[in-house]
There are 2 protein chains.
Amino acid sequence: MAARGRPREFDVDEALERAVDVFWRQGYEGTTLEDLTNAMSISRPSLYAAFGNKEGTFRQAIGRYARVEMSYIDAALAMPTARAVAEHYLRSNVVSITLPDRPRGCLSIQGGLAGHPADQRIVDFLNESRGAGEARFVRRFQQAIDEGDLSAAEDPAELARYLATVTAGLAVQASAGATRAELARVAERALAAFPQ
Amino acid sequence: MAARGRPREFDVDEALERAVDVFWRQGYEGTTLEDLTNAMSISRPSLYAAFGNKEGTFRQAIGRYARVEMSYIDAALAMPTARAVAEHYLRSNVVSITLPDRPRGCLSIQGGLAGHPADQRIVDFLNESRGAGEARFVRRFQQAIDEGDLSAAEDPAELARYLATVTAGLAVQASAGATRAELARVAERALAAFPQ
DNA sequence: ATCATTATTTACCATACATTCAAGAGTGAC
DNA sequence: GTCACTCTTGAATGTATGGTAAATAATGAT
């Protein structure tokens with residue numbers, strides 16, 4: 001609690017926000033320490049003291065991204081029906097990956113789908129992060145079945161995987177330049193294959 | 001035509017096949033010259049003489065990948081109806097991205113969705129390549145409308161974008177470890193939202 | 001005031017990277 | 001057999017990379 005020693009001159013969370021931006025635009029392997037320290041306006045030793053190393057900075061950036069940029073997932077999961085969950089998820093995903101003043105697409109996908117064997121832990125970490133997100137939808141759809149809101153003939157895991165597949169595809173399209181309006185139409189079509 | 005000078009000791013196309021494999025697994029930025037020359041069993045100067053440089057090797061690898069690994073697209077486009085085109089495309093895509101003895105996913109996606117500014121040309125190149133593939137489907141669906149096979153109320157560009165979105169998402173899922181059976185079910189669900 | 005503690009600054013380090021040079025070796029033309 | 005030509009081998013080049021050491025500066029505790 002007591003703040004001993006010289007106080008930090010920068011705000012850790014604000015610096016992390018800059019890191020998110022760089023990793024989002026350039027991916028893990030495409031980002032150098034110099035890119036990071038320039039964007040964060042801190043020195044290399046400050047970065048190492050605050051975040052450990054490049055990998056630590058990335059992991060914390062992913063954490064902030066999930067907390068801030070993907071908070072719409074919490075709202076989606078709180079919807080009263082499985083159908084409403086899916087609608088809210090896809091529609092807010094489209095908005096999130098096409099925000100005017102931010103990088104296009106999704107950090108957890110452009111962060112690194114593949115990489116050098118030395119960076120395999122990063123790829124694994126991103127895969128696990130996305131898997132954890134998908135698992136939340138599995139549980140939510142199981143709950144919907146338990147509540148009688150969703151037919152017991154449906155497979156919660158398949159529905160969650162379907163939505164995760166669509167959002168991943170939407171992120172790829174967004175990063176390649178597809179517009180919000182175009183992706184919104186794709187999302188509505190994808191919803192046509194979702195129960196009810 | 002005349003083969004003057006010392007003959008090349010390796011087969012260019014076979015070497016390119018090895019390069020495809022490495023780029024597929026590791027992406028453009030995650031692949032070093034050493035990774036390439038090891039996999040291709042040639043020396044650095046041999047690679048430069050045959051392919052120009054790392055970027056040239058990648059572009060030619062993408063060319064080979066499109067020609068060999070994505071030939072099922074030609075077959076899909078040759079199907080007699082728009083519906084059959086979509087079915088063939090998604091189903092063979094699932095097979096292609098989950099082949100047992102090959103990297104999982106799709107080279108044109110894991111090759112590099114994002115990257116260092118110095119590698120932006122690679123990212124652009126991949127985006128354009130995927131866009132060119134998508135454009136073939138736009139033309140095919142327009143043809144289907146012209147032939148009366150597909151309702152004129154449908155937008156060929158939207159249908160093509162929908163399929164491209166799904167295949168991109170499937171590739172992400174495959175690279176993260178989803179099984180062929182799981183992805184086949186996702187593909188069938190996605191087809192439920194395609195006309196007819 | 002002194003000290004322990006933590007940040008910052010500046011410079012450095014070892015390695016890895018893409019690319020190329022220089023010398024030698026295998027081929028066809030004459 | 002010599003020459004022009006092209007490939008291979010092995011080494012080197014310059015730079016960029018992630019990470020760190022040492023010295024200095026700012027705070028709280030005593």
Side-chain angles (χ1 to χ4, degrees), chain A residues 1-16 18-19 22-23 25-61 111-112 114-123 125, chain B residues 1-16 18-19 22-23 25-61 111-112 114-123 125:
Chain A
M1 289 300 150
R4 284 185 325 210
R6 177 172 177 173
R8 197 172 260 131
E9 292 182 5
F10 63 95
D11 182 75
V12 171
D13 193 60
E14 195 174 322
L16 208 49
R18 311 288 190 87
V22 180
F23 282 129
R25 275 179 223 282
Q26 304 181 193
Y28 180 77
E29 290 183 326
T31 299
T32 69
L33 261 304
E34 196 183 0
D35 294 333
L36 284 174
T37 54
N38 284 347
M40 299 162 93
S41 302
I42 62 177
S43 70
R44 228 171 268 236
S46 293
L47 184 145
Y48 276 79
F51 305 106
N53 57 11
K54 183 184 175 185
E55 179 173 349
T57 310
F58 184 74
R59 288 177 184 269
Q60 290 174 66
H116 195 270
D119 297 323
Q120 190 57 43
R121 301 171 55 196
I122 297 291
V123 175
F125 171 67
Chain B
M1 290 297 151
R4 284 185 324 210
R6 178 173 175 172
R8 199 172 258 132
E9 291 183 7
F10 64 94
D11 181 76
V12 171
D13 193 62
E14 196 174 320
L16 209 48
R18 311 287 189 87
V22 180
F23 283 128
R25 275 179 222 284
Q26 304 181 196
Y28 180 77
E29 290 183 326
T31 299
T32 69
L33 259 303
E34 196 183 359
D35 293 334
L36 284 174
T37 54
N38 283 347
M40 299 163 92
S41 301
I42 63 177
S43 70
R44 246 169 251 242
S46 293
L47 184 146
Y48 276 80
F51 304 107
N53 56 11
K54 184 184 174 184
E55 178 174 349
T57 309
F58 183 74
R59 288 178 185 268
Q60 290 174 65
H116 195 270
D119 296 324
Q120 190 57 43
R121 300 171 57 198
I122 296 292
V123 175
F125 171 66

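Quick note on labels: first sequence line is chain A, next is B, and so on, each numbered from 1.
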Whole angstroms only, please: what is the [atom1]-[atom2] distance between [X] and [N]?
{"X": "B:I122", "N": "C:dA18", "atom1": "CD1", "atom2": "C1'", "result": "13 Å"}
{"X": "B:F51", "N": "C:dA18", "atom1": "CZ", "atom2": "C1'", "result": "17 Å"}
{"X": "A:L36", "N": "D:dT17", "atom1": "CG", "atom2": "P", "result": "11 Å"}
{"X": "A:R8", "N": "C:dT6", "atom1": "CZ", "atom2": "C1'", "result": "9 Å"}
{"X": "A:D35", "N": "D:dT17", "atom1": "CG", "atom2": "P", "result": "7 Å"}

Would you mind classifying the nucleic acid contact of B:T32 as base, sugar-phosphate or nothing, using non-hydrogen atoms under 4.0 angstrom?
-> sugar-phosphate
Please work out if B:T31 contacts a base, only the sugar-phosphate, or nothing of the nucleic acid, heavy-atom cut-off 4.0 Å.
-> sugar-phosphate
Would you check, one step at a time, whether the test side-chain contact (heavy atoms from CB on, under 4.5 Å) holds for B:M40 with B:F51?
-> CA-CA 12 Å; B:M40 299 163 92; B:F51 304 107; 3.4 Å; yes
Just say parallel, tilted or perpendicular for the rings of B:F58 and B:F23, cut-offs at 30° and 60°.
-> perpendicular
Between CG on residue A:L33 and CG on residue A:N53, distance to nearest 0.5 Å |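 Those atoms lie 8.5 Å apart.
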Spacing of A:H116 atom NE2 and A:E29 atom CD [to the nearest 0.5 Å] | 8.0 Å
Answer yes or no: is there a side-chain heavy-atom contact under 4.5 Å between A:V123 and A:Q120?
->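 They are in side-chain contact.
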B:S46 side chain N/O closer than 4.0 Å to the phosphate oxygens (OP1, OP2) of D:dT8?
->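 Yes, because at least one side-chain N or O of B:S46 sits under 4.0 Å from OP1 or OP2 of D:dT8.
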By nearest nucleotide on DNA chain C, pick out whichever of B:R6 and A:G5 is the more 5' one.
->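 Looking at the nearest nucleotide for each, A:G5 comes out on the 5' side.
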Along DNA chain C (nearest heavy atom to each residue), the more 5'-positioned of B:E29 and A:A49 |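 Taking each residue's closest nucleotide, the earlier one in sequence belongs to A:A49.
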Spell out, as yes or no, whether a donor-acceptor pair under 3.5 Å connects the side chain of B:D119 to the backbone of B:I122.
-> no
Proximity to the side chain of B:R4 - top-ranked nucleotide from C:dT27, C:dT5, D:dC5 |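 Taking heavy atoms from C-beta onward, the closest nucleotide is D:dC5.
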Distances under 3.5 Å only, N/O to N/O: pair up the protein atoms with those of nucleotides 19-23 of chain D.
from	atom 1	to	atom 2	distance (Å)
D:dG19	OP2	A:Y48	OH	2.6
D:dG19	OP2	A:K54	N	3.2
D:dG19	O5'	A:Y48	OH	3.0

